[in-house]
Amino acid sequence: MPFRTAVRCLINPIRVVLRPSTSIRGYAAIAEARSVLEHELETIRTGGTWKGERIITSKQGPHINVDGSRGDILNFCANNYLGLSSHPQVVEAGIEALKKYGAGLSSVRFICGTQDIHKDLEQKLAKFHEREECILYASCFDANAGLFEVLLGPDDAVLSDELNHASIIDGIRLCRAKRFRYKHMDLNDLETQLKQSQSSRMRLVVTDGVFSMDGDVAPLKGICDLAEQYGALVFIDECHATGFMGPRGRGTDELLGVMDRVHIVNSTLGKALGGAAGGYTVGPKPLIDLLRQRSRPYLFSNSLPPPVVGCATRAVELLLASNEIAQSVGAKTMRFRNKMTEAGFTISGSAHPICPVMLGDARLASLMADDMLKLGVYVIGFSYPVVPKGKARIRVQISAAHTDQDIDRAVDAFIQTGRKHGVGSCPYPYLEIYLEVFNLTDFLLFCPYTV
């Protein structure tokens, strides 16, 4: 064997041993990433903002079964505003669509993913909102992600309420338009931003119709007045309004008498309209046609599954036929709000089925929600980053499917839980009970914490 070959045979194994192992480096990277992630998770836990997931073992509705809890649980935190998620006719329509059209399309719309039921639902939604055309998406998050990038260019401007939904914020980030943010529902600040953006080619005022965390309604009449004065378009996200706001349930634009002054509406099929999935945009036909050509979430996402389309279509048909279901939510909402206010709780918003019980502290909101479940009432505490720090709350949502007895039971549970945690009519646990026991109930008349 030549000397050079012999030396190479001796050295090569040594090089292999000394060379850093790729797998070892990979393990080190994974360990470091795991450490970073665990630290972040622990920060969430210690901050009292951990969001657990309770497991429901029944269909969605005002009464549900929850894993780990005994008996019937009252559900007060679903977006099931009209109770249509398990409505017999809606469920049956989904079953029929499944049988006739299959489970899914395995395609995007423009290849081989458009069925006649998709076009029928789009036509019915356009009719419902009294707009020219409609385009379906997999979710309203996708509808918001797909709109602004197509509509607005670098010569345009978008003016957005500072508390708009995360999907609106993310959608605006994708577009190249100049961005202006106005203070929450502040018309004076909006006018200031409109003046500052006057050099833009096209301007779009963007707002939620109803803001999901507080249940407050955007001042659409004033927004439309300013938009017309300064030559801007108006867009609203109606996810928490479609189906039950306004005399016929058309949304906040109907409620406030500006249906013909709002130019673009995005909304969802995943809340009042059956609660399954899906979102959509309604507006001028040229805009909808352009979205079909260029909106990335539409072009690169599978078509809505036929059962979802069937359920949503039947829900829309029910609302087109009658406003009875839509109107039933209002009285039940005010029953809850009035009784909770009388019990000393602070309820944000006004006259909307989103009824935030304001608590301030994140840990308190979480603990009270857990105690409510023990009393048979399912609610969830919301805290940062879903809401601003110091604005933690339990968000209660009223459904047309709730009975007066359901609402009264929920209020009683809040009062009982509030006493335990010092919230509501009296901040000292069981003080009112003690006063009654010792026949000192007259003192309650002078207690500043009682109503």
Side-chain angles (χ1 to χ4, degrees), residues 56 58-62 64 78-131 133-143 146 238-244 248-251 265-282 288 291-292 295 297-326 329 399-401:
I56 298 173
S58 64
K59 62 185 179 182
Q60 182 64 276
I64 58 176
N79 296 313
N80 188 23
Y81 294 113
L82 297 178
L84 297 181
S85 294
S86 301
H87 190 285
Q89 292 186 41
V90 173
V91 173
E92 184 60 31
I95 294 172
E96 290 302 315
L98 176 65
K99 291 178 179 178
K100 183 176 181 179
Y101 292 96
L105 276 298
S106 304
S107 174
V108 299
R109 287 284 296 269
F110 79 93
I111 297 179
C112 60
T114 298
Q115 295 172 318
D116 56 350
I117 54 174
H118 292 92
K119 301 305 293 184
D120 179 58
L121 177 55
E122 287 173 336
Q123 291 168 6
K124 283 183 168 65
L125 286 168
K127 178 182 178 181
F128 182 80
H129 287 281
E130 300 181 6
R131 264 61 176 198
E133 285 284 351
C134 171
I135 179 174
L136 290 171
Y137 287 89
S139 68
C140 190
F141 203 113
D142 277 356
E238 287 282 79
C239 286
H240 290 276
T242 297
F244 57 95
R248 300 171 301 156
R250 296 323 190 243
V265 176
N266 277 7
S267 195
T268 182
L269 307 173
K271 293 182 171 59
L273 302 185
Y280 57 90
T281 298
V282 292
I288 303 303
L291 291 174
R292 293 193 194 278
S295 180
Y298 178 82
L299 292 170
F300 298 105
S301 295
N302 265 17
S303 304
L304 276 180
V308 173
V309 176
C311 289
T313 300
R314 187 62 187 127
V316 175
E317 289 171 349
L318 289 172
L319 295 177
L320 285 170
S322 171
N323 67 345
E324 183 178 349
I325 302 176
V329 184
S399 169

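Start at 1 with the first residue, then count along the sequence.
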Heavy atoms only: give me the nearest [X]-[Y] pair and the separation to one decimal.
| X | Y | value |
| --- | --- | --- |
| S301 | D142 | OG-OD2, 3.9 Å |
| A103 | P307 | O-CD, 3.9 Å |
| L136 | H118 | CD1-O, 3.8 Å |
| G275 | S85 | CA-OG, 3.9 Å |
| G274 | A315 | N-CB, 4.1 Å |
| V308 | A277 | CG1-O, 3.4 Å |

Could you tell me the separation between the [atom1] atom of [X] and the [atom2] atom of [Y], rounded to the nearest 0.5 Å?
| X | Y | atom1 | atom2 | value |
| --- | --- | --- | --- | --- |
| L121 | K124 | CG | NZ | 8.0 Å |
| C134 | K119 | SG | NZ | 9.0 Å |
| R250 | R248 | CZ | CZ | 4.5 Å |
| L304 | C311 | CG | SG | 11.5 Å |
| N266 | C239 | CG | SG | 7.5 Å |
| Y280 | S139 | OH | OG | 13.0 Å |

Under the side-chain contact (heavy atoms from CB on, under 4.5 Å) test, residues paired with L319 that sit two or more places apart: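 Scan of L319 (side-chain contact (heavy atoms from CB on, under 4.5 Å), adjacent residues dropped) gives L82, F128, L273.
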Using distance only, find each side-chain donor-acceptor pair of residues 94-101 under 3.5 Å and give its atom names and separation, not counting sequence neighbours.
from : atom 1 : to   : atom 2 : distance (Å)
Y101 : OH     : D116 : OD1    : 2.9
Y101 : OH     : D116 : OD2    : 3.2

Derivation and outcome, side-chain contact (heavy atoms from CB on, under 4.5 Å), residues T313 and V316: CA-CA 5 Å; T313 300; V316 175; 5.9 Å; no
Any donor-acceptor N or O pair under 3.5 Å, side chains R109, S303: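 No, because no side-chain N or O of R109 sits under 3.5 Å from a partner of the opposite role on S303.
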Worked check of side-chain contact (heavy atoms from CB on, under 4.5 Å) between Q115 and L105: CA-CA 9 Å; Q115 295 172 318; L105 276 298; 3.5 Å; yes
Parallel, tilted or perpendicular, as decided by the 30° and 60° cut-offs, for the rings of Y81 and F244: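 Ring orientation of F244 relative to Y81: tilted.
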Salt-bridge present (E122, R292; N to O < 4.0 Å):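 Between R292 and E122 there is a salt bridge, with a charged N closer than 4.0 Å to a carboxylate O.
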Worked check of side-chain contact (heavy atoms from CB on, under 4.5 Å) between R314 and L84: CA-CA 10 Å; R314 187 62 187 127; L84 297 181; over 6 Å; no
Stepwise side-chain contact (heavy atoms from CB on, under 4.5 Å) check, T281 with I288: CA-CA 8 Å; T281 298; I288 303 303; 4.0 Å; yes
Under 3.5 Å: donor-acceptor pair, side chain of S267, backbone of E238: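 Yes, because the side chain of S267 sits within donor-acceptor range (under 3.5 Å) of the backbone of E238.
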Polar side-chain atom of S399 near backbone of N80 as donor-acceptor pair, under 3.5 Å: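 Yes, the answer is positive, given that a donor and an acceptor are paired below the 3.5 Å cut-off.
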Within 6.0 Å of CD in E324, more than 12 heavy atoms from elsewhere: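 Counting other residues, nucleotides and ligands, CD of E324 stays at 12 neighbours or fewer.
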